[in-house]
Amino acid sequence: MSEPESHASRVTDLFVGLTGSAPEGVWSAPGRVNLIGEHTDYNDGLCLPIGLPQRTCVAVSPRADRTLRVRSAQQEEVVEVALREVAPGRPAGWAAYVAGVLWALERDGHDVPGLDVTVDSSVPVGAGLSSSAALECAVAAAVSDLAGLDLLGSESGRAELARACIDAENIIAQAPTGGMDQSTAMLCHERTALLLDCRSWETRQVPFDLAAQGYALLVTDTRASHALVDGQYGSRRDQCREAAAALGVTSLRELEPRDLDATLDRLSSDVLRRRVRHVVTEIERVRGAVDALQADDLAGLGRLFDASHNSMRDDYEISCLELDVATETARACGALGARMTGGGFGGSSIALVPLAAADETSAAVTDAFAARGLAAPVSFAVTAGGPACRDH
Ligand code: GLA
């Protein structure tokens with residue numbers, strides 16, 4: 001049985017255990033890694049993520065009452081909540097990602113039924129690979145089909161579902177994230193990276209097939225704890241808002257890269273200067289990465305990965321020992337470039353490695369962690385996977 005099939009069958013078994021009957025259907029959505037363009041989404045900037053082969057599956061049936069009952073293979077408890085009781089912070093914990101989607105779609109005027117839902121996921125939780133967005137988007141896909149919303153068949157319908165998932169996360173789960181993760185899970189394509197303009201929400205698919213050039217994208221889940229609801233992510237967001245206000249622009253995207261030095265001179269705070277420098281240069285690096293991919297220039301892409309990591313480590317200050325060790329070790333093993341990916345403060349890194357060196361690089365990263373007394377990381381190569389869809 002293939003990995004997706006075994007997940008679909010496990011989530012179906014879980015559903016039968018919960019309800020005593022077969023689900024109406026099974027839907028899934030991918031986790032993501034961002035190739036480049038970090039902490040740019042909430043600055044109206046550009047980013048370049050891919051969907052992962054790792055997915056979150058949900059088995060779902062509508063209920064006759066207006067209750068949501070949800071059970072996950074990765075969690076102990078069954079959560080039950082009346083739809084009218086869903087509100088900011090309620091329910092707490094992981095079930096908010098499910099309940100929040102129903103709340104947002106209902107708020108948008110859709111007729112949303114109560115649901116029984118079971119969840120099973122191969123997206124590592126807490127690894128900065130957007131397990132929460134995968135769950136939201138799998139649920140949104142299910143509701144679209146079960147409530148006859150018919151939003152999966154068009155880009156604009158998918159974008160509408162992504163917006164509902166973003167609001168579920170920001171308002172109900174109360175994680176102040178941007179829109180990259182949910183947009184990726186809804187709009188990514190296989191073998192392409194998604195160029196996402198977070199000001200216009202326009203997208204462009206950029207061919208991304210490293211294996212054809214003898215390379216792999218190696219993800220290392222550092223196992224260093226990462227949580228978006230704690231204060232650091234929100235504080236970066238606040239600093240960007242403060243800098244934009246001080247510079248008289250609606251978002252940092254409005255700043256011209258060629259005027260960067262003069263712009264930075266207008267800020268009195270050194271911290272804000274560094275935050276702005278990261279965002280403005282990172283948006284430029286996304287443009288460079290698209291050009292590099294289109295020119296099959298993987299060495300150029302690798303240099304941009306390294307510059308991006310340095311900018312996040314030194315200017316945005318969101319790296320940590322584990323992420324620095326993983327990226328430095330990958331480079332020492334011959335990676336063309338390596339960077340942390342996602343929100344930071346832990347989570348995962350990515351490296352652009354020759355296919356033949358992927359295993360050796362993983363082993364070297366594990367050894368480097370052990371030598372420093374760090375918990376064992378998990379490394380795996382990924383390709384670009386497809387978006388939220390119905391599986392069965
Ligand atoms: C997290 C957030 C995203 C984005 C990234 C950083 O993954 O969920 O919205 O801000 O961090 O690029």
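Inter-residue side-chain proximity for Ser132 and Glu169 is flagged as met; some heavy-atom pair is nearer than 4.5 Å. Between Asp120 and Ser72 there is no side-chain heavy-atom pair separated by less than 4.5 Å. You'll find the side chain of Pro88 reaches within 4.5 Å of the side chain of Gln174, heavy atoms only. Counting only heavy atoms from C-beta outward, the side chains of Thr341 and Ser349 never approach each other to under 4.5 Å. A heavy-atom distance below 4.5 Å is not found between the side chains of Asp209 and Thr192. With a 4.5 Å cut-off on side-chain heavy atoms, Cys57 and Val119 do not count as touching. Residues Thr19 and Arg69 meet the side-chain proximity criterion, which asks for heavy atoms closer than 4.5 Å. Using a 4.5 Å cut-off on side-chain heavy atoms (C-beta onward), Leu260 and Pro257 make no contact.
In this structure, Asp145 CG and Leu152 CG are separated by 5.0 Å, a value rounded to the nearest 0.5 Å. One finds the CD atom of Glu136 at 10.0 Å from the OG1 atom of Thr56 (value rounded to the nearest 0.5 Å). Between the CZ atom in Phe208 and the CG atom in Leu48 there is a gap of 8.0 Å [rounded to 0.5 Å]. In this structure, the separation between CZ on Arg287 and CG on Leu195 is 9.0 Å, given to the nearest 0.5 Å. We find the SG-CG distance between Cys47 and Asn34 to be 5.5 Å, quoted to the nearest 0.5 Å.
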| task | Tell me, with the steps shown, if Glu160 and His110 meet side chain to side chain donor-acceptor pair (under 3.5 Å). | result | CA-CA 12 Å; Glu160 185 181 334; His110 299 300; 3.1 Å; yes
| Would Val58 and Thr118 count as a side-chain contact (heavy atoms from CB on, under 4.5 Å) if you check the C-alpha gap in whole Å, the side-chain angles of each, and the deciding distance to 0.1 Å? | CA-CA 5 Å; Val58 294; Thr118 56; over 6 Å; no
| task | Could you go through the salt bridge (Lys or Arg N to Asp or Glu O under 4.0 Å) check for Asp261 and Arg277 one step at a time? | result | CA-CA 9 Å; Asp261 287 343; Arg277 185 163 56 206; over 6 Å; no
| request: Apply side-chain contact (heavy atoms from CB on, under 4.5 Å) to Val81 and Val86, showing your working. | output: CA-CA 7 Å; Val81 58; Val86 178; 4.2 Å; yes
| said: Determine whether Thr327 and Phe305 satisfy the following criterion, side-chain contact (heavy atoms from CB on, under 4.5 Å), listing intermediate values before the conclusion. | reply: CA-CA 10 Å; Thr327 48; Phe305 276 20; over 6 Å; no
| Pair Asp270-Arg274, salt bridge (Lys or Arg N to Asp or Glu O under 4.0 Å): steps then yes or no | CA-CA 6 Å; Asp270 180 53; Arg274 283 186 283 130; 3.2 Å; yes
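Taking both residues in full, the closest heavy atoms of Leu194 and Ser183 are given as CD2-O, 4.0 Å, listed atom of the first, atom of the second, then distance. Between Ala164 and Leu105, the shortest heavy-atom contact is CB-CD2, 3.7 Å. Nearest approach of Leu247 to Arg266, heavy atoms of both residues: O-NH2, 3.2 Å. Considering all non-hydrogen atoms of both residues, Leu210 and Leu217 come closest at CD1-N, 3.7 Å. The nearest pair of heavy atoms linking Pro124 to Ser131 is O-CB, 4.0 Å. For the residue pair Val365 and Ala330, the shortest heavy atom distance occurs at CG2-N, 4.5 Å.
No continuous path of hydrophobic side-chain contacts links Val125 to Tyr97 [ILVMFWY only; heavy atoms under 4.5 Å]. Hydrophobic clustering of Ile, Leu, Val, Met, Phe, Trp and Tyr side chains at less than 4.5 Å, counting indirect connections, keeps Met186 apart from Val26. Under the 4.5 Å side-chain heavy-atom criterion for Ile, Leu, Val, Met, Phe, Trp and Tyr, Leu52 and Leu352 are members of the same hydrophobic cluster. Leu149 is connected to Val139 through a chain of hydrophobic side-chain contacts under 4.5 Å among Ile, Leu, Val, Met, Phe, Trp and Tyr, so both are in one cluster.
Taking the ring axis of Trp201 as reference, the NZ or CZ atom of Arg163 stays within 45° of it and closer than 6.0 Å to the ring centre.
Using a 4.0 Å cut-off between a side-chain N of Lys or Arg and a carboxylate O of Asp or Glu, Asp306 and Arg303 do not qualify as a salt bridge. Between Arg107 and Asp167 a salt bridge is recorded (basic side-chain N to carboxylate O distance below 4.0 Å). Salt-bridge annotation for Glu76 and Arg71: absent, with no side-chain N of the basic residue lying under 4.0 Å from a carboxylate O of the acidic one. Salt bridge absent: Arg236 and Glu317 never bring a charged side-chain N and a carboxylate O closer than 4.0 Å. With respect to Glu282 and Arg339, a salt bridge is recorded, a charged nitrogen being found less than 4.0 Å from a carboxylate O. We find that Glu155 and Arg158 are not joined by a salt bridge, their nearest charged nitrogen and carboxylate oxygen being 4.0 Å or further apart.
For the 3.5 Å distance criterion, the side chains of Arg10 and Ser6 fail to qualify, holding no donor opposite an acceptor. A donor-acceptor pair shorter than 3.5 Å can be found between the side chains of Arg285 and Ser311. Side chains of Asp116 and Ser61: no donor on one and acceptor on the other come within 3.5 Å. Donor-acceptor pairing under 3.5 Å is recorded for the side chains of Asp324 and Ser319. No hydrogens or angles considered: nothing links the side chains of Thr184 and Arg32 as a donor-acceptor pair under 3.5 Å. Glu85 and Trp103 form no side-chain donor-acceptor contact under 3.5 Å, judged by distance and modelled atom types alone.
Residue Asp259 places its CG atom among more than 12 non-hydrogen atoms of other residues, nucleotides or ligands, all under 6.0 Å distant. By the 6.0 Å contact criterion, CZ on Arg191 is open, its count of non-hydrogen atoms from other residues, nucleotides or ligands being 12 or less.
Ring geometry for Tyr233 versus His39: interplanar angle of 30 to 60°, hence tilted.
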